[in-house]
J.: 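Sharing a structure with you now.
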Amino acid sequence: MAGLPVKRVLGINGKDEFKAGENTNNTDNNKQSLSKAALAVREENDKVGEREMVTPTGSSIKRSSSRPQLDLSKAAIQGNSEERDPTILLPNQSDDISHLALDIGGSLIKLVYFSRHEDQSIDDKRKKTVKERLGISNGNRRSYPILGGRLHFVKFETSKINECLDFISSKQLHCVGTNSLWWTSDSPSNENAVIKATGGGAYKFADLFKERLGVSLDKEDEMDCLVAGANFLLKAIRHEAFTHMEGQKEFVQIDHNDLFPYLLVNIGSGVSMIKVDGDGKFQRVSGTNVGGGTYWGLGRLLTKCKSFDELLELSQKGDNRTIDMLVGDIYGGMDYSKIGLSASTIASSFGKAISDKKELEDYRPEDISLSLLRMISYNIGQISYLTALRFGLKRIFFGGFFIRGHAYTMDTISFAVHFWSKGEAQAMFLRHEGFLGALGAFMSDEKHGLDDLRAHQLVERFPMGAPFTGGKIHGPPPGNLNEKISWMEKFVLKGTEITAPVPMAPTGTTGLGGFEVPLSKGGTLRSDASALNIGVLHLVPTLEVFPLLADPKSYEPNTIDLSDHNELEYWFTVLSEHLPDLVDKAVASEGGTDDAKRRGDAFARAFSAHLARLMEEPAAYGKLGLANLLELREECLREFQFVDAYRSIKLRENEASLAVLPDLLAELDSMNEEPRLLTLIEGVLAANIFDWGSRACVDLYHKGTIIEIYRMSRNKMQRPWRVDDFDLLKERMLGSGGKKPPPHKRALLFVDNSGADIVLGMLPLARELLRRGTEVVLVANSLPALNDVTAMELPDIVAEAAKHCDILRKAAEAGGLLVDAMVNTLDDSKENSTSVPLMVVENGCGSPCIDLRQVSPELAAAAKDADLIILEGMGRALHTNFNARFKRDALKLAMVKNQRLAEKLIQGKIYDCVCRYEAAS
């Protein structure tokens, strides 16, 4: 926000909010002193402090004790200082205003902090007109204090607490908790500054925080924080919970309306079992003194290990058959089938030590560690299930220091619950389980603003940096892009090899109470690979669920199942082979400078490292689909400041396509209705061949110009297509038996690529719908992805096309797309009032695919009156949404430009076409 004038307004939560405006030049006449500008803010702030804000329902909202801190150094009033709400320039204010909470444990310090990165949307005349027509006003948008913010999860070793303090200081996170607005970078620390904290370290290190940062730690109850953190995660994050059996993770969708009651088992030094009945409603109903402390204490005595992690690592190489007495040891290698016990069942943990004439030093520490781990984990699992059974609880979630993403720990607990429940119950674990306490402490603030968020309003991203790689601690995260690139060059090898997936052992040997577990040797399940990565949660309260999904709860956007390792390896190879060409395009888009080359190299390292990590552990970033991989690539590009890698290519292809559009429109106008409709659909499919994300299509570009390739593609269009519902579409559009059906009221056209795809394919189809009296809304990406057209680019393309077509011109004027016609549009001229509009809305994403559970409010509003949905292109109609069902008529159009996808999805071959029409559900 530095250098921008900001206008103070009163937020609905009673806090001061500042709106950025356009930068203006200061003059001696209008530049005011710091004291006068600061006074303007202070006076209004005092007024706010004297009253509580009242919501529309009449309930009062208390002001948060944590207020955003503003750097008022060199503040100046812009313009007339006598105005009621003067614009105040804060040149030194950072937009990274944050809020922090801590969980300080014996081994790890977990931080959860919020940073406000509100994107300044461009609200031009075109967008305003579309909003007015769709009935959207800025005042109708729900107001959140966290709009545009992010939740960050960071951890440090407690033994290196000074690194944690340095990190907090460098980001000025400790300045957030002060009650006073008047903190600046030059001011001394405020003695009243407070940070929410939980865990034993909140008491142990309180004096150190006061000495180093000048803040007090407001200590929150650990149990309260634990439950609050778990409740938020289970309600707000779609795939937070997962099961873990035989080394395989499976994510579980939890309906937040059917979450309670559940059992939360927190395994620390001891074990607490908490029955959770709702937000703030819980009780400890059971527990055991045999927990993580037992494992660590006995392990330390028996193996001489110096750390908990070292003890866990030992278990990976252990074989508990040398120590545990099995049923087969008692019955001569036979099962005890009468009572259902197999020979591999553990009859007695450490039982062989009774009869073996061995001393402690005769046993391998690795075997002791594994036997001890299983003994404790099995018993915790059994007691937990029996407790859940006692209270009639359907779900059991495990967390705490003892779990820590360790594969064998989760496996043994899972098998115990599975066995004792006879398969009716499952042990479930949480991706963010290490951060439950810190997140709960964060939410203990009066106005953290997270209560009303739902899963579709949270987007998790995985920036490349020290604390995120491999789920391990590598030190504090880089402070800026240059530091991040330097870190990448130092620690991440160029061209990171994509290794084959870790082979899993067949079901085998030892168990408890008659059920089987993976091999007693621990080497096949890797603890380091099993740990899950934690990303940054982007909080976007404006995102909505697409209202025309037939069943939002069962909707799954991804078509390709990457749980198959062969499928996973194939697509990773495709993305890796495309990487050099993508880097070249990205660097060229930034002028090929040395800085661009360095960033391009860092991007290649980063994305290769992401792929290698996901090949090692496909669940590392949560539930994985092909759409997630493609979005990860685009986010990685943006992380290294490549905004639009295909910018120049898109401009060139748009220009070439627009040059031949008049001839195409003339050809279409010479046809009768039925052949014209077929030619239009053929044109969409033919033009969809242009996709820079497809290797086969990139090779085509070397064989001719864009127009030559388009004509070649059209000439090869012959029915029947591989998926061919054209006759159903024709009947709905044109009718049969002399009966002509009414036109659709509004059509949503989800467009794909720039160039011929949009200009020669989708725009002529849109024109035909407009000719029939159907309103048309072109739905395009909010952000660039490959050569996909964006909502920002579409108005200019439409304006050029409208020069050659009255239908497009009148519709574009009615839809507010032509700036020169704005006055006429707003005046509701007679001509415009009789024309159906052509509008453009952004979809809310920046990926080649689309997840319809997270769309822009503009798209959601446009969908309410829509009765036809057209999804075009591989990303939106095949990779995602091929199996999606809608409440309204849907048409899915795409040319398949990948041989494997053609085989898997439609049992066809490359360049086969899909025209799938589905009537309203």
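In this text the structure is predicted, and so the values were computed from the model without any measurement. Residue numbers start at 1 and run along the sequence shown.
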J.: Can you run down the salt bridge (Lys or Arg N to Asp or Glu O under 4.0 Å) pairs that involve residues 838-849, sequence neighbours left out, and say none if there aren't any?
T.: K127-E842

J.: I'd like to check N843 versus V855 (side-chain heavy atoms, cut-off strictly below 4.5 Å). Are they in contact?
T.: no

J.: Just jot down the side chain to side chain contact (heavy atoms under 4.5 Å, CB included) partners of C913, sequence neighbours excluded, or say none.
T.: L685, M717, W721, M895

J.: Test of understanding: with side chain to side chain contact (heavy atoms under 4.5 Å, CB included), list the residues that count as partners of E634, not counting sequence neighbours.
T.: L637, R638, A785, L786, P848

J.: Among pairs that include at least one residue of residues 785-811, which meet ring-ring contact (aromatic ring centres under 6.0 Å, His included), considering only residues two or more places apart or in two chains?
T.: none

J.: Out of L891, V723, V684, which one pairs with C915 under the side chain to side chain contact (heavy atoms under 4.5 Å, CB included) rule?
T.: L891

J.: Could you pull out all donor-acceptor pairs under 3.5 Å where a side-chain atom in residues 770-780 meets a protein atom, sequence neighbours excluded?
T.:
{"residue": "R771", "atom": "NE", "partner": "E768", "partner atom": "OE1", "Å": "3.4"}
{"residue": "R771", "atom": "NH2", "partner": "D669", "partner atom": "OD1", "Å": "2.8"}
{"residue": "R772", "atom": "NH1", "partner": "M733", "partner atom": "O", "Å": "3.1"}
{"residue": "R772", "atom": "NH2", "partner": "M733", "partner atom": "O", "Å": "2.6"}
{"residue": "T774", "atom": "OG1", "partner": "H744", "partner atom": "O", "Å": "2.7"}
{"residue": "E775", "atom": "OE1", "partner": "R746", "partner atom": "NE", "Å": "2.9"}
{"residue": "E775", "atom": "OE1", "partner": "R746", "partner atom": "NH2", "Å": "3.0"}

J.: When you measure from the side chain of K892 to the backbone of A884, do you find a donor-acceptor pair of N or O atoms at a distance under 3.5 Å?
T.: yes

J.: Who passes salt bridge (Lys or Arg N to Asp or Glu O under 4.0 Å) against D867, sequence neighbours left out?
T.: none

J.: When rounded to the nearest 0.5 angstrom, what is the spacing between CD1 in I797 and OG in S754?
T.: 5.5 Å

J.: How far apart are the C-alpha atoms of R809 and E813, what are their side-chain angles, what is the distance that settles it, and do they pass the salt bridge (charged side-chain N to carboxylate O under 4.0 Å, His left out) test?
T.: CA-CA 6 Å; R809 179 182 60 80; E813 288 176 358; 3.1 Å; yes

J.: Could you give me the CA-CA distance, side-chain angles and deciding distance for N881 and Y555, then say whether side chain to side chain donor-acceptor pair (under 3.5 Å) is met?
T.: CA-CA 9 Å; N881 301 306; Y555 169 76; 2.4 Å; yes

J.: Can you tell whether the side chains of D724 and R916 come within less than 4.0 Å, N to carboxylate O?
T.: no

J.: Applying salt bridge (charged side-chain N to carboxylate O under 4.0 Å, His left out) to D851 and R853, what does each step give before you reach the verdict?
T.: CA-CA 5 Å; D851 182 343; R853 294 170 300 194; 2.9 Å; yes

J.: May I ask you to decide if M671's main-chain N or O and R676's side chain share a donor-acceptor pair within less than 3.5 Å?
T.: yes

J.: Mind checking whether L548 and I869 have side chains closer than 4.5 Å, heavy atoms only?
T.: yes

J.: Does N781 reach the main-chain N or O of P784 with its side chain, forming a donor-acceptor pair under 3.5 Å?
T.: no

J.: Working to the nearest 0.5 angstrom, can you tell me the gap between R888 CZ and L549 CG?
T.: 12.0 Å

J.: Regarding R900 and E569, does a basic nitrogen lie under 4.0 Å from an acidic carboxylate oxygen?
T.: no

J.: Give a yes or no answer on whether the side chain of N787 reaches the backbone of Y646 with a donor-acceptor pair at less than 3.5 Å.
T.: no

J.: Do F726 and L677 have side chains that approach each other closer than 4.5 Å (heavy atoms only, starting at C-beta)?
T.: yes

J.: In terms of side-chain geometry, is the basic nitrogen of K739 or E731 positioned less than 4.0 Å from the acidic oxygen of its partner?
T.: no

J.: Step by step, work out the salt bridge (charged side-chain N to carboxylate O under 4.0 Å, His left out) result for K810 and D806.
T.: CA-CA 6 Å; K810 292 178 181 179; D806 282 344; 5.6 Å; no

J.: Taking NZ, NE, NH1 and NH2 as the nitrogens, is one of them in E631 or R461 under 4.0 Å from a carboxylate oxygen of the other?
T.: yes

J.: Give me each pair satisfying ring-ring contact (aromatic ring centres under 6.0 Å, His included) with a member in residues 863-882, each pair once, sequence neighbours excluded.
T.: W571-H879

J.: Not counting sequence neighbours, which residues clear side chain to side chain contact (heavy atoms under 4.5 Å, CB included) with E544? List them please.
T.: P857, A860

J.: What side-chain donor-acceptor pairs closer than 3.5 Å can you find for residues 755-765, not counting sequence neighbours?
T.:
{"residue": "D757", "atom": "OD2", "partner": "N688", "partner atom": "ND2", "Å": "3.0"}
{"residue": "D757", "atom": "OD2", "partner": "N753", "partner atom": "N", "Å": "3.2"}
{"residue": "D757", "atom": "OD2", "partner": "N753", "partner atom": "ND2", "Å": "2.8"}

J.: Is any side-chain heavy atom of L678 closer than 4.5 Å to one of P675?
T.: no

J.: Would you call E673-K730 a salt bridge at under 4.0 Å N-O?
T.: no

J.: Could you tell me whether the side chains of Y621 and N628 share a donor-acceptor contact shorter than 3.5 Å?
T.: no

J.: With a 4.5 Å cut-off on side-chain heavy atoms, are C849 and L626 touching?
T.: no

J.: What's the shortest heavy-atom distance between A920 and D889, and which atoms?
T.: N-OD1, 2.9 Å

J.: Which pair of non-hydrogen atoms, one from S847 and one from A627, has the smallest distance, and what is that distance?
T.: OG-O, 4.3 Å

J.: So, E858 side chain and V841 main chain: donor-acceptor pair closer than 3.5 Å or not?
T.: no

J.: Under the salt bridge (Lys or Arg N to Asp or Glu O under 4.0 Å) test, which residues partner K904, sequence neighbours left out?
T.: E567

J.: Counting distance only, does the side-chain N/O of S657 pair as donor-acceptor with the main-chain N or O of N654 below 3.5 Å?
T.: no

J.: Is any side-chain heavy atom of D551 closer than 4.5 Å to a side-chain heavy atom of R885?
T.: no

J.: Could you tell me if Y570 and N898 have a donor-acceptor pair between their side chains, going purely by distance under 3.5 Å?
T.: yes

J.: With a 4.5 Å heavy-atom cut-off, do D865 and K745 have their side chains touching?
T.: yes

J.: Quick one: list whatever passes side chain to side chain contact (heavy atoms under 4.5 Å, CB included) with R722, sequence neighbours left out.
T.: I906, Q907, D912

J.: Would you check if the side chain of E793 reaches a backbone N or O of T790 as a donor-acceptor pair within less than 3.5 Å?
T.: yes

J.: Is a side-chain donor or acceptor of S782 paired with a backbone partner of G844 at a separation under 3.5 angstrom?
T.: yes

J.: I would like to know whether E460 and R238 meet salt bridge (charged side-chain N to carboxylate O under 4.0 Å, His left out); could you show each step before the answer?
T.: CA-CA 10 Å; E460 188 171 18; R238 186 169 285 111; over 6 Å; no

J.: Looking just at side-chain N and O atoms, do D255 and Q253 make a donor-acceptor pair shorter than 3.5 Å?
T.: no

J.: In Å and rounded to the nearest 0.5 Å, what is the OG1 to CG distance from T880 to L871?
T.: 8.0 Å

J.: Go through the structure and list residues passing ring pair (Phe, Tyr, Trp, His ring centres under 6.0 Å) with F251, not counting sequence neighbours.
T.: F242

J.: Between L614 and L562, is any pair of side-chain heavy atoms under 4.5 Å apart?
T.: no

J.: Minimum heavy-atom separation for P541 to Q457, with atom names?
T.: O-NE2, 3.0 Å

